[in-house]
There are 2 protein chains.
Amino acid sequence: MTTEYSGGSDPKRIMELLWGAPERTRRGPKPRLSVEQIVAAATAIADAEGLAAVSMRRVAERLGVTAMSLYTYVPGKAELLDLMLDRVCAETAKPDDVPGGWRPRLELVAREAWALYLRHPWLLHLATNRPVLGPNLIARYDYELRAVDGTGLTDVEMDLVVQMVGDYVHGAVRGALAAATLPVDSGKTDDEWWAELSPLLEKVYDADRFPVATRVGAAAGQEYSAPLDPARAFEFGLARLLDGVAALIERR
Amino acid sequence: MTTEYSGGSDPKRIMELLWGAPERTRRGPKPRLSVEQIVAAATAIADAEGLAAVSMRRVAERLGVTAMSLYTYVPGKAELLDLMLDRVCAETAKPDDVPGGWRPRLELVAREAWALYLRHPWLLHLATNRPVLGPNLIARYDYELRAVDGTGLTDVEMDLVVQMVGDYVHGAVRGALAAATLPVDSGKTDDEWWAELSPLLEKVYDADRFPVATRVGAAAGQEYSAPLDPARAFEFGLARLLDGVAALIERR
DNA sequence: CGCCTATTCTGTACGGCGTAGAGAGTTAGG
DNA sequence: CCTAACTCTCTACGCCGTACAGAATAGGCG
């Protein structure tokens, strides 16, 4: 019996893809590719040229195959993106023996996520509206939760804390990458860009209306454009976040 | 769906658009539209059908005009998205007289952002790679900073705290909306969805491998699918976050 | 007034996208 | 061997953003 899935795609199929389909004997010609090759090719393109460059035609071209032949391996592009997401999540280290309690463990979780985002910036632009229940994502979720297991937090609180850390990293990376790529893809340096923009800005608003934004924006801009400082900002914010978690845990 | 990019071309032009161009006498035929009408139409479509439904052709159609005629008002779609972003940011209330110090002020900032995201969920999918220096965005940034001004934090720390709150809200909304829209656009209830998926999951992984994820995931799923609880989770996480900020401020 | 010219808007077209559908080629099970 | 299952190619549809050419409009200047 087959069910008809109008809007979304077949959950069974994507599950098989994520977890590795059981090898059946196949009647037709030998497949020239594998799902893994396709996902790897798509990931390589995304790493090199960004998510926008990942199209079925581009991926197929890289594999010496027509676009449509990919559809014998993967139901569609959305599922390919799901597979890319789960695949890269296998890269994060998950050591079991981090000493020092929940805080160093959560710090490691955050830093691994930070590093993963920097390796694959296109992760920022993946909209994960629906859960992707792949093996690596679940394993990572489990690992992250274990960082705060046994601290007296309720299950829901544990989920929330882990979610918070993930969200924070996401946002911090976005800020860092925006600052880093701003001068790069406009072909101008940071100073040139601002030099061009600031007279326009000044013509149109008086700094007196937004005194705090003007002052702080300048300071923050300088901080972020310094060589190593997005990472320091990340660490700083992380410390604040974990202080909040600590306050919660100590109250238990 | 993947993220939409915004920002890009001639800085002078987009600045004029954002801040309202100086009215010059124009020689040709009277314009049938205004930038404001176009941005409003695009926003209405995004509110009703999501960001993916916003195309130049769709917006033009809604205004009784061809797609190309929009390009006399707006340099391109990226700039239209910039304008939409700045436009909706005017909606957030910014009262000056919040009593109780920085914490209630920051809470208000977060709740206003939360409400804005819920009114315009497509904001989640807007990635602003470069800053959009519109009047409403700057005004909001200034307002948010004033919430923590005079607390002894450095300028850079102020920026960081405000950024953190914004990032947290972004992530929390994403989680809440994912939970809410999951059953909706698949045409199934939450229970049906899980009932269909869980046998597939069970066939493929044993709960013993991910004991914590299994337990916590179930608890969190139940919590989020309850009617009002994404909002409670949001408030809870916000409290933790602000506890961290408080620890920093008190140390000053 | 009438011309010139800047501006608005339309029509058409290009190259991209995701993917549906038909059909050619290939291989295993009966 | 035949047939059915399977892979892969080709063509095509309907979207997308937008470049370009040209028609219509109307203010500035003679």
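Just so it is clear: chains get the letters A, B, ... in the order the sequence lines come, proteins before strands, and each one is counted from 1. Note: hydrogens, waters and symmetry copies are ignored here, and every other heavy atom, side chains too, is used.
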Please answer whether the main-chain N or O of A:Leu33 pairs with a side-chain N or O of A:Tyr73 as donor and acceptor at a distance below 3.5 Å.
->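 Such a contact is found between A:Tyr73 side chain and A:Leu33 backbone.
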Considering only NZ, NE, NH1 and NH2 on the basic side and carboxylate oxygens on the acidic side, decide whether [X] and [Y] come within less than 4.0 Å.
X        : Y        : answer
B:Arg13  : B:Glu79  : no
B:Arg57  : B:Glu61  : no
B:Asp142 : A:Arg209 : no

Hey, can you tell me if B:Phe234 and B:Trp114 have their rings parallel, tilted or perpendicular (30° and 60° cut-offs)?
->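 Aromatic pair B:Phe234/B:Trp114 classed parallel.
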To the nearest Å, give me how far apart NZ (B:Lys30) and P (C:dT8) are.
->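 To the nearest whole Å, that distance equals 12 Å.
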Qualifying residue for side chain to side chain contact (heavy atoms under 4.5 Å, CB included) with B:His120, from B:Leu118, B:Leu123, B:Leu124 |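 The option that passes is B:Leu123.
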Give me the first and last nucleotide of DNA chain D, going 5' to 3', that has any atom under 4.0 Å from a heavy atom of chain A.
->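 Boundary nucleotides touching chain A, in 5' to 3' order, are D:dA4 to D:dA12.
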Criterion salt bridge (charged side-chain N to carboxylate O under 4.0 Å, His left out) on B:Glu49 and B:Arg58, from CA distance to verdict | CA-CA 11 Å; B:Glu49 302 174 50; B:Arg58 276 286 265 110; 2.4 Å; yes
Taking the side chain as C-beta and beyond, is there a heavy-atom pair between A:Leu81 and A:Val132 under 4.5 Å?
->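 Side-chain contact under 4.5 Å: no.
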In B/S/- notation, 5' to 3', how is nucleotides 10-20 of chain C contacted by protein heavy atoms closer than 4.0 Å?
-> BB-B---BBBB
